[in-house]
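Everything below concerns the one structure shown next.
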Amino acid sequence: MKEVWKKFDENELTHSSAHHLMAIFELLKTKGYARGIDVAKHLGITRGSVAITLKQLKKKGLISEDENKFFQLSQPGKDLVNTVLSKRHILIKFLKEVLQLSPMNAEIDACKIEHLISQEMGEKLLMFMGFFMSDRMEVKEFKAGFKEFTFACQSTETCQVCETECFYSGKTEQDIIQME
Ligand SMILES: [Zn+2]
Ligand SMILES: [Zn+2]
């Protein structure tokens with residue numbers, strides 16, 4: 001498990017690639033075509049950097065380009081976009097409805113991990129949300145109880161949730177990096 005993050009960088013879709021694919025998907029839907037310049041405009045980045053990423057996506061067989069430099073998503077490309085988008089929507093729902101994040105933070109955090117979570121996590125989240133949004137009696141009770149519940153870490157010795165590191169300091173990564 002230690003090496004998971006490394007493998008990930010090597011093999012999986014980068015966040016940037018995922019957004020390039022989603023940009024092509026969006027453009028095809030709204031404009032009916034997608035060229036390099038359209039993708040660059042859509043993502044707000046340079047044409048040069050878009051060209052590099054699109055070349056890689058072509059090599060992976062996720063997109064194709066015709067003689068007029070118009071891009072299309074291949075079937076695997078479409079499937080990938082569909083997977084990432086559906087995970088994003090489930091994550092946003094989970095973060096907003098269950099964890100009660102602000103709509104803005106829910107969108108931002110979902111965007112950060114939409115392409116990283118496993119299929120299993122997507123499926124389990126979907127199942128959980130199906131349960132959570134049902135009108136079952138026990139769900140109503142859970143929601144009412146959770147609404148009134150408060151919890152804060154006190155110390156690592158007594159905390160039921162955290163293990164060796166407690167969340168209780170309330171420091172963000174930014175606070176810590178700035179302190180150094
Ligand atoms: Zn994203
Ligand atoms: Zn704790």
Side-chain angles (χ1 to χ4, degrees), residues 4-31 34 36 38-47 49-58 60 62-63 71 73-74 76-126 129 145-146 148-176 179:
V4 165
W5 67 273
K6 274 193 204 161
K7 276 203 204 113
F8 218 91
D9 269 2
E10 287 158 19
N11 304 328
E12 303 288 323
L13 195 67
T14 65
H15 197 182
S16 166
S17 309
H19 275 265
H20 279 69
L21 289 175
M22 290 193 283
I24 294 174
F25 175 79
E26 279 291 318
L27 288 164
L28 290 173
K29 208 167 66 176
T30 54
K31 293 183 148 198
D38 306 309
V39 176
K41 259 197 211 153
H42 190 86
L43 295 175
I45 55 178
T46 68
R47 286 181 72 174
S49 119
V50 164
I52 294 169
T53 307
L54 292 185
K55 208 173 144 188
Q56 289 165 349
L57 293 174
K58 232 164 79 179
K60 285 191 170 139
L62 296 170
I63 57 173
F71 289 95
L73 292 168
S74 67
K78 280 181 200 160
D79 292 345
L80 245 165
V81 167
N82 185 45
T83 311
V84 175
L85 281 180
S86 61
K87 282 176 179 166
R88 173 194 289 192
H89 292 135
I90 298 169
L91 280 164
I92 291 175
K93 275 226 162 74
F94 176 79
L95 296 173
K96 274 205 306 215
E97 308 287 331
V98 182
L99 300 189
Q100 302 281 313
L101 259 67
S102 67
M104 199 178 86
N105 278 339
E107 298 246 350
I108 291 171
D109 283 337
C111 172
K112 286 180 196 162
I113 56 173
E114 62 203 359
H115 64 299
L116 293 173
I117 66 169
S118 65
Q119 205 55 27
E120 184 185 9
M121 183 166 168
E123 281 163 17
K124 292 280 156 76
L125 270 176
L126 175 72
M129 287 314 293
F146 187 58
E148 284 161 22
F149 184 72
T150 54
F151 180 82
C153 291
Q154 302 297 337
S155 76
T156 37
E157 284 83 50
T158 57
C159 189
Q160 293 170 329
V161 182
C162 312
E163 290 181 7
T164 50
E165 297 85 16
C166 231
F167 194 72
Y168 71 91
S169 71
K171 278 183 199 137
T172 66
E173 280 97 337
Q174 271 116 320
D175 296 335
I176 296 164
M179 269 168 36

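As a basis for the values below, the full set of heavy atoms in this structure was taken, side chains included, without hydrogen atoms, waters or symmetry mates. Whatever order the structure lists them in is the order used to number ligands and atoms, beginning at 1.
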Presence of salt bridge, Lys112 and Asp109, under 4.0 angstrom: yes
Exercise: do His19 and Glu114 side chains pair donor with acceptor under 3.5 Å: yes
Polar side-chain atom of His115 near backbone of Ser16 as donor-acceptor pair, under 3.5 Å: no
Atom pair OG/NZ of Ser74 and Lys58 - distance to nearest 0.5 Å: 13.0 Å
Separation between CD1 of Ile117 and NZ of Lys87, rounded to the nearest 0.5 Å: 5.5 Å
Protein N, O or S atoms lying under 2.8 Å from the Zn ion (ligand 1), listed by chain and number: His15 NE2, His19 NE2, Cys111 O, Cys111 SG, Glu114 OE2
The single option from Met129, Met121, Lys124 passing side-chain contact (heavy atoms from CB on, under 4.5 Å) against Ile90: Met129
